[in-house]
Amino acid sequence: SPRPIAARSLQDDGYVRLLRRQVEEVFRDNRMIAVCQFNSMPDEDVVLMRHYLRKHNIEVKFVLNEIVRPVLSQSKYKNLLPLFVARNILLVSPETKAKEMLRVLKGVPQINLLGACIDDTILSRQGVENFAKLPSLEASQGQTVGALALLPSQTSSLLQRGSAHLTALLDQHIRRLQAGETGSPAEPAPAQSLGAH
């Protein structure tokens, strides 16, 4: 007969496998996974914090080190292992919402950001803060599009300048040829005389 849930322990292989699979999914499905130290706080504060984070599409995951550590040790995230020593929570999002996460955490002293993995790059707390200061991808793309929009007009003016210069040279050459027809035809053209000494 199946054991009651209350009697389950981490020794229950099926339950452990399920929890580990959930951790694997969290790491696979999210572009931002922040590891935080969690110090006890009133339940209503936890609910409030979850609410503010959820507004930015950031979820709070309570995890057990006994479950997380074996999963990470077998993965490309093994450099995060030293962060899982105390009571931890994960703040995860399918988007890279570092700035928004830091803003919420500023009001929650019981939660310490230790480090994160953002777009498969492992960052220290300072690294996350630096990342949050970067302009958003949308802003960067806007700047790039603006710069690219200038290129055709600059290229066009360069091409026009080039063709105007070529036209002027041709006009000058034609005038020289005409002058040569009426003057002495034996006189070499300036371009040909350059090589002769």
Q) Looking only at heavy atoms, what is the nearest atom pair of A98 and I118, with distance? A) CB-CD1, 4.2 Å
Q | Contact check, side chains of P94 and N57, non-hydrogen atoms, under 4.5 Å | A | yes
(Q) Tell me whether L64 shares a hydrophobic cluster with Y77, the cluster being built from Ile, Leu, Val, Met, Phe, Trp, Tyr side chains joined at under 4.5 Å. (A) yes
Q: Keeping the roles fixed (side chain from S93, backbone from T96), state whether a donor-acceptor pair exists under 3.5 Å.
A: no
Q. Below 4.5 Å, heavy atoms only, C-beta onward: do C36 and N112 meet side chain to side chain?
A. no
Q: Check whether any side-chain heavy atom of F84 sits under 4.5 Å from a side-chain heavy atom of L114, and report yes or no.
A: no
Q.
Using the side chain to side chain contact (heavy atoms under 4.5 Å, CB included) criterion, which residues pair with R20? Sequence neighbours excluded.
A. V16, I67, P70, V71
Q. Would you call L81 and S73 a side-chain contact if the rule is heavy atoms closer than 4.5 Å?
A. yes
Q | Spacing of R125 atom CZ and N130 atom CG [to the nearest 0.5 Å] | A | 11.5 Å
Q. With a 4.5 Å limit on heavy-atom distance, are the side chains of V92 and F27 in contact?
A. no
**Q.** Cluster overlap L134 with L102, hydrophobic side-chain contacts below 4.5 Å
**A.** yes
Q. How long is the gap from CG on L80 to CG on L123, to the nearest 0.5 Å?
A. 9.5 Å
Q.
Nearest 0.5 angstrom please: E129 CD to S124 OG, how far?
A. 8.0 Å
(Q) So M101 and H56, do their side chains get closer than 4.5 Å, heavy atoms only? (A) no
**Q.** V60: partners by side chain to side chain contact (heavy atoms under 4.5 Å, CB included), with sequence neighbours left out
**A.** M49, R50, L53, F62, I89, L91
Q) R28 and E24: salt bridge (Lys or Arg N to Asp or Glu O under 4.0 Å), yes or no, with the steps? A) CA-CA 6 Å; R28 188 188 63 224; E24 286 166 2; over 6 Å; no
Q.
Would N39 and I111 count as a side chain to side chain contact (heavy atoms under 4.5 Å, CB included) here? Give the steps.
A. CA-CA 6 Å; N39 300 308; I111 292 183; over 6 Å; no
Q: Please report the C-alpha distance between V108 and M41 in whole Å, then the side-chain angles of each, then the deciding distance to 0.1 Å, and finally whether the side chain to side chain contact (heavy atoms under 4.5 Å, CB included) criterion is met.
A: CA-CA 9 Å; V108 191; M41 56 195 280; 3.6 Å; yes
Q) Can you tell me how far the CG atom of L90 sits from the CD1 atom of I33, to the nearest 0.5 Å? A) 8.0 Å
Q. Heavy-atom count around Y52 OH within 6.0 Å, excluding the residue itself: above 12?
A. no
Q) Is it true that a side-chain atom of N88 and a backbone atom of L83 form a donor plus acceptor pair closer than 3.5 Å? A) yes
Q) Do V63 and F38 touch side chain to side chain, with heavy atoms closer than 4.5 Å? A) no
Q | Evaluation steps, side chain to side chain contact (heavy atoms under 4.5 Å, CB included), between V26 and Q22 | A | CA-CA 6 Å; V26 162; Q22 287 172 349; 5.7 Å; no
Q | Sidechain N-carboxylate O distance under 4.0 Å for R31, E95 | A | no
Q: Could you check if a side-chain atom of V104 sits within less than 4.5 angstrom of a side-chain atom of I58, using non-hydrogen atoms only?
A: no
Q.
Please evaluate residues K97 and M32 with respect to the criterion side chain to side chain contact (heavy atoms under 4.5 Å, CB included), reporting the C-alpha separation (whole Å), side-chain torsions for both, the decisive distance (0.1 Å), and the verdict.
A. CA-CA 7 Å; K97 298 286 191 119; M32 182 180 83; 4.3 Å; yes
